[in-house]
Amino acid sequence: MQLKRNILIGVCGGIAAYKAANLVRLFIKANCNVKVIVTKSAQDFVTTKTLGVLSKNEVVTDFFDANANWNNHVHLAEWADVFVIAPLTANTLAKMASGVCDNVLLATYLSCKKKTIVAPAMDLEMYQHATTVSNLSKLKEFGNLVIPAQNGELASGLIGEGRMAEPEFIFEFTINYLKKNLPLFEKKVLINAGPTYEAIDPVRFIGNRSSGKMGVCIANYFAQLGANVNLVLGPSTITTISDQVNVIRVESAAEMQQACINKYDEMDIVVCSAAVADYKPKQVSESKIKKTEEHLTIELVKTADILSEMGKRKTKQVLVGFALETNNLLEYAKQKLEKKNLDLIIANSAVEAGAGFGSDTNKVTIIDKHNNLTTFELKSKELVAKDIVHAILNLNK
Ligand code: CTP
(Lines give C-alpha, C1' and ligand atoms only; values in the text may rest on other atoms or scores of the structure.)
Protein backbone atom coordinates (compact mmCIF):
# COMPACT_ATOMS: atom_id res chain seq x y z
CA MET A 1 0.00 0.00 0.00
CA GLN A 2 1.65 3.26 -1.11
CA LEU A 3 0.48 6.74 -0.17
CA LYS A 4 2.68 9.79 -0.33
CA ARG A 5 1.55 11.58 2.85
CA ASN A 6 3.20 13.47 5.68
CA ILE A 7 3.32 11.31 8.78
CA LEU A 8 4.28 12.84 12.11
CA ILE A 9 5.25 10.19 14.66
CA GLY A 10 5.41 10.91 18.39
CA VAL A 11 7.39 8.49 20.52
CA CYS A 12 7.03 8.33 24.30
CA GLY A 13 9.28 6.60 26.82
CA GLY A 14 8.33 2.97 27.14
CA ILE A 15 10.02 -0.28 26.21
CA ALA A 16 7.89 -0.43 23.03
CA ALA A 17 9.68 2.72 21.80
CA TYR A 18 12.18 0.47 20.03
CA LYS A 19 9.33 -0.62 17.74
CA ALA A 20 8.91 2.99 16.59
CA ALA A 21 11.97 2.45 14.39
CA ASN A 22 10.13 -0.25 12.48
CA LEU A 23 7.02 1.93 12.24
CA VAL A 24 9.06 4.76 10.71
CA ARG A 25 10.56 2.31 8.22
CA LEU A 26 7.15 1.04 7.12
CA PHE A 27 5.93 4.56 6.34
CA ILE A 28 9.15 5.42 4.50
CA LYS A 29 8.89 2.22 2.45
CA ALA A 30 5.34 3.25 1.54
CA ASN A 31 6.74 6.49 0.10
CA CYS A 32 5.49 8.72 2.93
CA ASN A 33 7.40 11.67 4.38
CA VAL A 34 8.11 11.07 8.05
CA LYS A 35 9.09 13.38 10.91
CA VAL A 36 9.55 12.15 14.45
CA ILE A 37 9.15 13.86 17.83
CA VAL A 38 10.44 12.06 20.91
CA THR A 39 9.91 12.81 24.58
CA LYS A 40 12.94 13.00 26.85
CA SER A 41 12.33 9.57 28.36
CA ALA A 42 11.79 7.98 24.90
CA GLN A 43 15.48 8.64 24.25
CA ASP A 44 16.38 6.08 26.95
CA PHE A 45 14.75 3.41 24.79
CA VAL A 46 15.53 4.38 21.20
CA THR A 47 18.17 6.71 19.83
CA THR A 48 17.40 9.85 17.88
CA LYS A 49 20.14 8.76 15.46
CA THR A 50 18.25 5.59 14.56
CA LEU A 51 14.97 7.44 14.12
CA GLY A 52 16.67 10.31 12.27
CA VAL A 53 18.42 8.05 9.76
CA LEU A 54 15.29 5.98 9.16
CA SER A 55 12.95 8.97 8.82
CA LYS A 56 15.48 10.99 6.77
CA ASN A 57 14.71 13.99 8.98
CA GLU A 58 16.23 15.39 12.12
CA VAL A 59 14.31 14.14 15.13
CA VAL A 60 12.60 16.81 17.22
CA THR A 61 13.47 16.46 20.90
CA ASP A 62 12.76 19.90 22.32
CA PHE A 63 11.40 23.36 21.52
CA PHE A 64 14.92 24.28 20.40
CA ASP A 65 17.38 22.15 18.38
CA ALA A 66 21.13 21.79 19.06
CA ASN A 67 21.81 25.08 17.22
CA ALA A 68 19.24 26.98 19.28
CA ASN A 69 16.81 27.11 16.33
CA TRP A 70 13.17 27.04 17.37
CA ASN A 71 11.29 23.88 16.43
CA ASN A 72 8.01 25.44 15.57
CA HIS A 73 5.40 22.96 16.82
CA VAL A 74 2.65 24.83 14.97
CA HIS A 75 4.45 24.32 11.64
CA LEU A 76 5.08 20.68 12.48
CA ALA A 77 1.41 20.18 13.23
CA GLU A 78 0.41 21.94 10.00
CA TRP A 79 2.88 19.84 7.99
CA ALA A 80 1.36 16.56 9.21
CA ASP A 81 -1.47 14.77 7.42
CA VAL A 82 -1.79 12.61 10.51
CA PHE A 83 -0.10 12.47 13.94
CA VAL A 84 0.64 8.96 15.21
CA ILE A 85 1.76 8.63 18.83
CA ALA A 86 3.30 5.19 19.37
CA PRO A 87 3.94 4.14 21.99
CA LEU A 88 1.70 6.32 24.11
CA THR A 89 2.62 6.05 27.80
CA ALA A 90 0.28 6.51 30.76
CA ASN A 91 2.08 9.75 31.58
CA THR A 92 1.66 11.38 28.14
CA LEU A 93 -1.88 10.00 27.94
CA ALA A 94 -2.80 11.72 31.21
CA LYS A 95 -1.27 14.98 30.01
CA MET A 96 -3.10 14.79 26.66
CA ALA A 97 -6.36 14.10 28.47
CA SER A 98 -5.99 17.19 30.64
CA GLY A 99 -4.26 19.60 28.27
CA VAL A 100 -0.86 19.71 29.96
CA CYS A 101 1.76 21.15 27.63
CA ASP A 102 5.21 20.71 29.13
CA ASN A 103 7.10 19.34 26.13
CA VAL A 104 7.24 19.76 22.36
CA LEU A 105 5.26 16.57 21.66
CA LEU A 106 2.35 17.83 23.75
CA ALA A 107 2.54 21.34 22.27
CA THR A 108 2.38 19.78 18.80
CA TYR A 109 -0.57 17.61 19.83
CA LEU A 110 -2.46 20.66 21.08
CA SER A 111 -1.66 22.55 17.86
CA CYS A 112 -2.62 19.70 15.55
CA LYS A 113 -5.91 20.02 13.67
CA LYS A 114 -5.37 16.74 11.83
CA LYS A 115 -6.30 13.37 13.24
CA THR A 116 -4.17 12.00 16.07
CA ILE A 117 -3.91 8.21 16.31
CA VAL A 118 -2.50 6.78 19.52
CA ALA A 119 -1.18 3.31 20.31
CA PRO A 120 -0.93 2.96 24.10
CA ALA A 121 1.61 0.65 25.69
CA MET A 122 2.00 0.04 29.41
CA ASP A 123 1.94 -2.66 31.99
CA LEU A 124 -1.20 -4.68 32.68
CA GLU A 125 -2.22 -2.99 35.95
CA MET A 126 -1.51 0.50 34.57
CA TYR A 127 -3.56 -0.20 31.45
CA GLN A 128 -6.50 -1.41 33.53
CA HIS A 129 -6.31 1.43 36.07
CA ALA A 130 -9.45 3.53 36.21
CA THR A 131 -7.56 6.74 35.37
CA THR A 132 -6.04 5.16 32.26
CA VAL A 133 -9.43 3.82 31.15
CA SER A 134 -11.01 7.21 31.77
CA ASN A 135 -8.16 9.10 30.06
CA LEU A 136 -8.38 6.89 26.97
CA SER A 137 -12.11 7.45 26.71
CA LYS A 138 -11.53 11.20 27.08
CA LEU A 139 -9.04 11.05 24.20
CA LYS A 140 -11.67 9.32 22.06
CA GLU A 141 -14.25 11.94 23.03
CA PHE A 142 -11.82 14.61 21.84
CA GLY A 143 -11.83 12.93 18.40
CA ASN A 144 -8.57 10.98 18.58
CA LEU A 145 -8.37 7.41 17.34
CA VAL A 146 -7.11 4.81 19.79
CA ILE A 147 -5.48 1.56 18.68
CA PRO A 148 -6.04 -0.61 21.77
CA ALA A 149 -3.11 -2.34 23.40
CA GLN A 150 -2.80 -6.05 22.67
CA ASN A 151 -2.77 -9.11 24.87
CA GLY A 152 0.63 -10.74 25.33
CA GLU A 153 3.81 -10.95 27.31
CA LEU A 154 4.74 -7.63 28.89
CA ALA A 155 8.13 -6.21 29.83
CA SER A 156 7.37 -6.86 33.51
CA GLY A 157 6.93 -10.56 32.82
CA LEU A 158 3.16 -10.35 33.32
CA ILE A 159 0.86 -11.60 30.60
CA GLY A 160 -2.19 -9.57 29.65
CA GLU A 161 -3.35 -6.43 27.86
CA GLY A 162 -0.80 -3.65 27.57
CA ARG A 163 1.49 -4.51 24.65
CA MET A 164 1.60 -1.89 21.96
CA ALA A 165 -0.11 -3.03 18.74
CA GLU A 166 2.47 -4.26 16.23
CA PRO A 167 3.98 -1.58 13.93
CA GLU A 168 2.50 -3.34 10.87
CA PHE A 169 -0.98 -3.00 12.39
CA ILE A 170 -0.48 0.67 13.32
CA PHE A 171 0.83 1.32 9.79
CA GLU A 172 -2.13 -0.37 8.08
CA PHE A 173 -4.60 1.35 10.41
CA THR A 174 -3.11 4.76 9.62
CA ILE A 175 -2.94 4.19 5.87
CA ASN A 176 -6.54 2.97 5.83
CA TYR A 177 -7.60 6.05 7.79
CA LEU A 178 -5.80 8.31 5.29
CA LYS A 179 -7.23 6.48 2.30
CA LYS A 180 -10.79 6.67 3.59
CA ASN A 181 -10.39 10.40 3.98
CA LEU A 182 -9.18 10.97 0.46
CA PRO A 183 -11.74 12.83 -1.68
CA LEU A 184 -12.12 10.02 -4.22
CA PHE A 185 -11.99 7.03 -1.92
CA GLU A 186 -13.72 4.05 -3.60
CA LYS A 187 -14.49 6.01 -6.80
CA LYS A 188 -13.88 3.87 -9.86
CA VAL A 189 -12.04 5.57 -12.69
CA LEU A 190 -11.09 4.38 -16.18
CA ILE A 191 -8.57 6.22 -18.33
CA ASN A 192 -7.33 5.22 -21.75
CA ALA A 193 -4.10 6.65 -23.08
CA GLY A 194 -1.35 6.34 -25.64
CA PRO A 195 -1.41 5.45 -29.30
CA THR A 196 -2.71 2.26 -30.86
CA TYR A 197 -0.78 0.19 -33.39
CA GLU A 198 -2.70 -1.35 -36.27
CA ALA A 199 -0.80 -4.24 -37.81
CA ILE A 200 -0.01 -4.28 -41.55
CA ASP A 201 2.06 -7.46 -41.40
CA PRO A 202 4.03 -9.19 -38.60
CA VAL A 203 6.66 -6.42 -38.53
CA ARG A 204 4.85 -3.25 -39.59
CA PHE A 205 2.03 -1.20 -38.21
CA ILE A 206 0.17 2.10 -38.57
CA GLY A 207 0.63 4.18 -35.42
CA ASN A 208 0.78 7.76 -34.26
CA ARG A 209 3.03 10.01 -32.19
CA SER A 210 1.05 9.97 -28.94
CA SER A 211 3.28 9.34 -25.90
CA GLY A 212 0.43 8.57 -23.47
CA LYS A 213 1.86 11.07 -20.99
CA MET A 214 -1.27 13.21 -20.59
CA GLY A 215 -3.40 10.18 -19.72
CA VAL A 216 -0.74 8.78 -17.37
CA CYS A 217 -0.62 12.11 -15.49
CA ILE A 218 -4.41 12.09 -15.17
CA ALA A 219 -4.37 8.49 -13.92
CA ASN A 220 -1.64 9.29 -11.37
CA TYR A 221 -3.52 12.29 -10.02
CA PHE A 222 -6.78 10.37 -9.70
CA ALA A 223 -4.85 7.69 -7.77
CA GLN A 224 -3.34 10.34 -5.52
CA LEU A 225 -6.87 11.43 -4.61
CA GLY A 226 -7.68 7.89 -3.55
CA ALA A 227 -9.60 6.66 -6.61
CA ASN A 228 -9.44 3.09 -7.81
CA VAL A 229 -7.83 3.73 -11.20
CA ASN A 230 -7.66 1.51 -14.29
CA LEU A 231 -5.42 2.70 -17.09
CA VAL A 232 -5.85 1.05 -20.49
CA LEU A 233 -2.58 1.95 -22.13
CA GLY A 234 -1.55 1.55 -25.75
CA PRO A 235 2.12 1.08 -26.74
CA SER A 236 3.84 3.74 -24.63
CA THR A 237 7.30 3.97 -23.11
CA ILE A 238 6.24 6.17 -20.19
CA THR A 239 7.65 4.78 -16.93
CA THR A 240 6.21 7.24 -14.42
CA ILE A 241 2.97 5.39 -13.72
CA SER A 242 2.00 5.32 -10.02
CA ASP A 243 1.93 1.81 -8.60
CA GLN A 244 -1.55 2.66 -7.30
CA VAL A 245 -2.79 2.49 -10.90
CA ASN A 246 -3.98 -0.79 -12.39
CA VAL A 247 -2.42 -0.84 -15.87
CA ILE A 248 -3.93 -2.89 -18.70
CA ARG A 249 -1.59 -2.97 -21.70
CA VAL A 250 -3.09 -3.16 -25.17
CA GLU A 251 -1.82 -2.66 -28.69
CA SER A 252 -4.60 -2.22 -31.24
CA ALA A 253 -7.79 -0.15 -31.24
CA ALA A 254 -9.80 -3.37 -31.07
CA GLU A 255 -7.90 -4.51 -27.95
CA MET A 256 -8.34 -1.08 -26.39
CA GLN A 257 -12.06 -1.15 -27.12
CA GLN A 258 -12.42 -4.60 -25.55
CA ALA A 259 -10.45 -3.68 -22.42
CA CYS A 260 -12.37 -0.41 -21.93
CA ILE A 261 -15.82 -1.85 -22.53
CA ASN A 262 -15.09 -4.72 -20.09
CA LYS A 263 -14.63 -2.16 -17.31
CA TYR A 264 -17.00 0.59 -18.44
CA ASP A 265 -20.33 -0.31 -16.80
CA GLU A 266 -19.01 -0.28 -13.24
CA MET A 267 -17.02 2.96 -13.62
CA ASP A 268 -17.92 6.34 -12.08
CA ILE A 269 -15.57 8.50 -14.17
CA VAL A 270 -14.12 7.70 -17.62
CA VAL A 271 -11.51 9.78 -19.41
CA CYS A 272 -10.57 8.86 -22.99
CA SER A 273 -7.26 10.50 -23.75
CA ALA A 274 -6.00 7.80 -26.13
CA ALA A 275 -5.10 8.64 -29.69
CA VAL A 276 -7.04 5.69 -31.08
CA ALA A 277 -6.36 4.90 -34.73
CA ASP A 278 -9.37 5.81 -36.84
CA TYR A 279 -8.49 3.31 -39.56
CA LYS A 280 -6.78 -0.05 -39.71
CA PRO A 281 -5.62 -2.20 -42.63
CA LYS A 282 -8.53 -4.22 -44.02
CA GLN A 283 -6.30 -7.24 -44.25
CA VAL A 284 -3.27 -8.09 -42.13
CA SER A 285 -0.68 -10.02 -44.09
CA GLU A 286 0.37 -13.19 -42.26
CA SER A 287 3.89 -12.97 -43.64
CA LYS A 288 6.18 -10.00 -44.13
CA ILE A 289 5.20 -8.07 -47.26
CA LYS A 290 8.07 -8.28 -49.78
CA LYS A 291 9.24 -5.32 -51.84
CA THR A 292 8.25 -6.83 -55.16
CA GLU A 293 5.78 -4.23 -56.44
CA GLU A 294 6.58 -0.67 -57.50
CA HIS A 295 3.44 0.63 -55.76
CA LEU A 296 1.73 -0.76 -52.73
CA THR A 297 -1.81 0.14 -51.74
CA ILE A 298 -3.09 -0.74 -48.30
CA GLU A 299 -6.84 -0.60 -47.99
CA LEU A 300 -8.00 0.81 -44.66
CA VAL A 301 -11.27 0.32 -42.83
CA LYS A 302 -12.66 2.28 -39.90
CA THR A 303 -11.99 1.14 -36.34
CA ALA A 304 -14.69 1.30 -33.70
CA ASP A 305 -15.08 4.68 -32.02
CA ILE A 306 -14.65 3.66 -28.38
CA LEU A 307 -15.77 6.98 -26.92
CA SER A 308 -18.93 7.11 -29.05
CA GLU A 309 -19.80 3.60 -27.94
CA MET A 310 -19.35 4.66 -24.31
CA GLY A 311 -21.49 7.76 -24.87
CA LYS A 312 -24.29 5.55 -26.19
CA ARG A 313 -24.26 3.18 -23.24
CA LYS A 314 -23.69 5.86 -20.59
CA THR A 315 -25.66 5.39 -17.35
CA LYS A 316 -24.04 6.94 -14.27
CA GLN A 317 -20.60 7.69 -15.73
CA VAL A 318 -19.06 11.12 -16.03
CA LEU A 319 -17.63 10.80 -19.53
CA VAL A 320 -14.72 12.93 -20.67
CA GLY A 321 -13.07 12.99 -24.10
CA PHE A 322 -10.22 14.79 -25.79
CA ALA A 323 -10.22 16.65 -29.09
CA LEU A 324 -6.90 17.02 -30.85
CA GLU A 325 -7.17 19.36 -33.81
CA THR A 326 -4.93 21.25 -36.17
CA ASN A 327 -7.60 23.86 -37.00
CA ASN A 328 -11.04 25.06 -35.83
CA LEU A 329 -10.15 23.63 -32.40
CA LEU A 330 -13.09 24.85 -30.32
CA GLU A 331 -15.73 24.34 -32.99
CA TYR A 332 -14.68 20.73 -33.67
CA ALA A 333 -14.32 20.04 -29.95
CA LYS A 334 -17.89 21.25 -29.26
CA GLN A 335 -19.19 19.06 -32.08
CA LYS A 336 -17.45 16.01 -30.61
CA LEU A 337 -18.77 16.78 -27.11
CA GLU A 338 -22.33 16.71 -28.42
CA LYS A 339 -21.99 13.90 -30.94
CA LYS A 340 -20.28 11.54 -28.49
CA ASN A 341 -22.62 12.41 -25.56
CA LEU A 342 -19.82 13.67 -23.29
CA ASP A 343 -19.91 15.66 -20.06
CA LEU A 344 -16.62 17.40 -20.74
CA ILE A 345 -14.18 17.69 -23.59
CA ILE A 346 -10.54 18.71 -23.38
CA ALA A 347 -9.55 20.61 -26.52
CA ASN A 348 -5.88 20.73 -27.38
CA SER A 349 -4.04 21.79 -30.46
CA ALA A 350 -1.79 19.47 -32.47
CA VAL A 351 0.13 22.39 -33.94
CA GLU A 352 0.55 24.93 -31.11
CA ALA A 353 4.10 25.03 -29.69
CA GLY A 354 4.41 23.02 -26.46
CA ALA A 355 0.94 21.46 -26.74
CA GLY A 356 -0.39 18.06 -27.80
CA PHE A 357 1.53 14.89 -28.71
CA GLY A 358 4.96 13.95 -27.43
CA SER A 359 5.47 17.13 -25.40
CA ASP A 360 5.89 17.42 -21.61
CA THR A 361 3.59 20.44 -21.58
CA ASN A 362 0.09 21.09 -22.83
CA LYS A 363 -2.33 23.95 -23.30
CA VAL A 364 -5.98 23.04 -23.03
CA THR A 365 -9.45 24.48 -23.12
CA ILE A 366 -12.04 22.57 -21.12
CA ILE A 367 -15.61 22.73 -22.41
CA ASP A 368 -18.68 21.38 -20.64
CA LYS A 369 -22.04 20.49 -22.15
CA HIS A 370 -23.53 23.86 -21.17
CA ASN A 371 -20.90 25.46 -23.37
CA ASN A 372 -18.86 26.84 -20.45
CA LEU A 373 -15.30 27.28 -21.63
CA THR A 374 -12.13 27.55 -19.54
CA THR A 375 -8.81 28.14 -21.26
CA PHE A 376 -5.64 27.40 -19.33
CA GLU A 377 -2.06 28.58 -19.79
CA LEU A 378 0.67 26.37 -21.21
CA LYS A 379 1.89 24.23 -18.31
CA SER A 380 3.38 20.83 -17.49
CA LYS A 381 1.15 17.84 -18.20
CA GLU A 382 1.21 17.03 -14.46
CA LEU A 383 -0.41 20.41 -13.75
CA VAL A 384 -2.80 20.15 -16.71
CA ALA A 385 -3.91 16.79 -15.27
CA LYS A 386 -4.82 18.53 -12.00
CA ASP A 387 -6.89 21.16 -13.87
CA ILE A 388 -8.71 18.42 -15.76
CA VAL A 389 -9.43 16.32 -12.65
CA HIS A 390 -10.64 19.37 -10.71
CA ALA A 391 -12.93 20.34 -13.61
CA ILE A 392 -14.39 16.81 -13.53
CA LEU A 393 -14.91 16.94 -9.76
CA ASN A 394 -16.53 20.37 -9.98
CA LEU A 395 -19.13 18.96 -12.37
CA ASN A 396 -20.71 17.08 -9.46
CA LYS A 397 -20.94 20.12 -7.21
N1 CTP B 1 -11.71 8.19 -29.92
C2 CTP B 1 -12.12 6.91 -29.64
N3 CTP B 1 -12.09 5.97 -30.63
C4 CTP B 1 -11.67 6.28 -31.87
C5 CTP B 1 -11.26 7.59 -32.15
C6 CTP B 1 -11.29 8.54 -31.14
O7 CTP B 1 -12.49 6.63 -28.51
N8 CTP B 1 -11.64 5.34 -32.79
C9 CTP B 1 -11.79 9.20 -28.84
C10 CTP B 1 -10.44 9.78 -28.43
O11 CTP B 1 -9.89 9.03 -27.37
C12 CTP B 1 -10.81 11.19 -28.01
C13 CTP B 1 -12.02 11.52 -28.86
O14 CTP B 1 -12.52 10.29 -29.34
O15 CTP B 1 -11.20 11.24 -26.65
C16 CTP B 1 -11.74 12.41 -30.03
O17 CTP B 1 -10.65 11.90 -30.77
P18 CTP B 1 -10.10 12.70 -32.04
O19 CTP B 1 -8.99 11.88 -32.62
O20 CTP B 1 -9.82 14.12 -31.65
O21 CTP B 1 -11.34 12.74 -33.01
P22 CTP B 1 -12.11 11.67 -33.84
O23 CTP B 1 -13.35 11.33 -33.13
O24 CTP B 1 -11.19 10.53 -34.15
O25 CTP B 1 -12.49 12.48 -35.13
P26 CTP B 1 -11.49 13.15 -36.23
O27 CTP B 1 -10.30 12.24 -36.33
O28 CTP B 1 -12.32 13.18 -37.46
O29 CTP B 1 -11.15 14.53 -35.72
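Positions are given from 1, in the same order as the sequence printed here. Both ligands and their constituent atoms are indexed starting at 1 by order of listing.
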**Prompt:** So with a 6.0 Å cut-off around OH of Tyr18, is the heavy-atom count from everything else above 12?
**Reply:** no

**Request:** Share the residues that join Leu296 in a hydrophobic cluster, the rule being Ile, Leu, Val, Met, Phe, Trp or Tyr side chains under 4.5 Å apart at the heavy-atom level.
**Result:** Ile200, Ile206, Tyr279, Ile289, Ile298, Leu300

Could you check ligand 1 for N or O atoms lying under 3.5 Å from protein N or O atoms and list the pairs with distances?
residue, atom, partner, partner atom, Å
ligand 1, 3 (N), Ile306, N, 3.1
ligand 1, 7 (O), Ile306, N, 3.4
ligand 1, 7 (O), Leu307, N, 2.8
ligand 1, 8 (N), Ala304, O, 3.0
ligand 1, 11 (O), Ala274, O, 2.7
ligand 1, 14 (O), Lys340, NZ, 2.9
ligand 1, 15 (O), Cys272, O, 2.7
ligand 1, 15 (O), Phe322, N, 2.9
ligand 1, 15 (O), Phe322, O, 3.3
ligand 1, 20 (O), Leu324, N, 3.2
ligand 1, 20 (O), Lys336, NZ, 2.8
ligand 1, 21 (O), Lys336, NZ, 2.9
ligand 1, 23 (O), Lys340, NZ, 2.5
ligand 1, 24 (O), Asp278, OD1, 3.0
ligand 1, 24 (O), Asp278, OD2, 3.3
ligand 1, 27 (O), Asp278, OD2, 3.0
ligand 1, 29 (O), Lys336, NZ, 2.8

**Message:** Between Gln283 and Glu299, is the side chain to side chain donor-acceptor pair (under 3.5 Å) condition met? List the steps.
**Reply:** CA-CA 8 Å; Gln283 240 130 35; Glu299 192 182 344; over 6 Å; no

**Request:** Start with the C-alpha distance between Ile248 and Lys263, add both sets of side-chain angles, then the distance that settles side chain to side chain contact (heavy atoms under 4.5 Å, CB included), and finish with yes or no.
**Result:** CA-CA 11 Å; Ile248 303 153; Lys263 293 267 173 204; 3.8 Å; yes

**Asked** How about Tyr109 and Phe83: are their ring centres within less than 6.0 Å of each other?
**Response** no

**Request:** Determine whether Leu378 and Glu352 make a side-chain contact, defined as any pair of heavy atoms from C-beta on separated by less than 4.5 Å.
**Result:** no

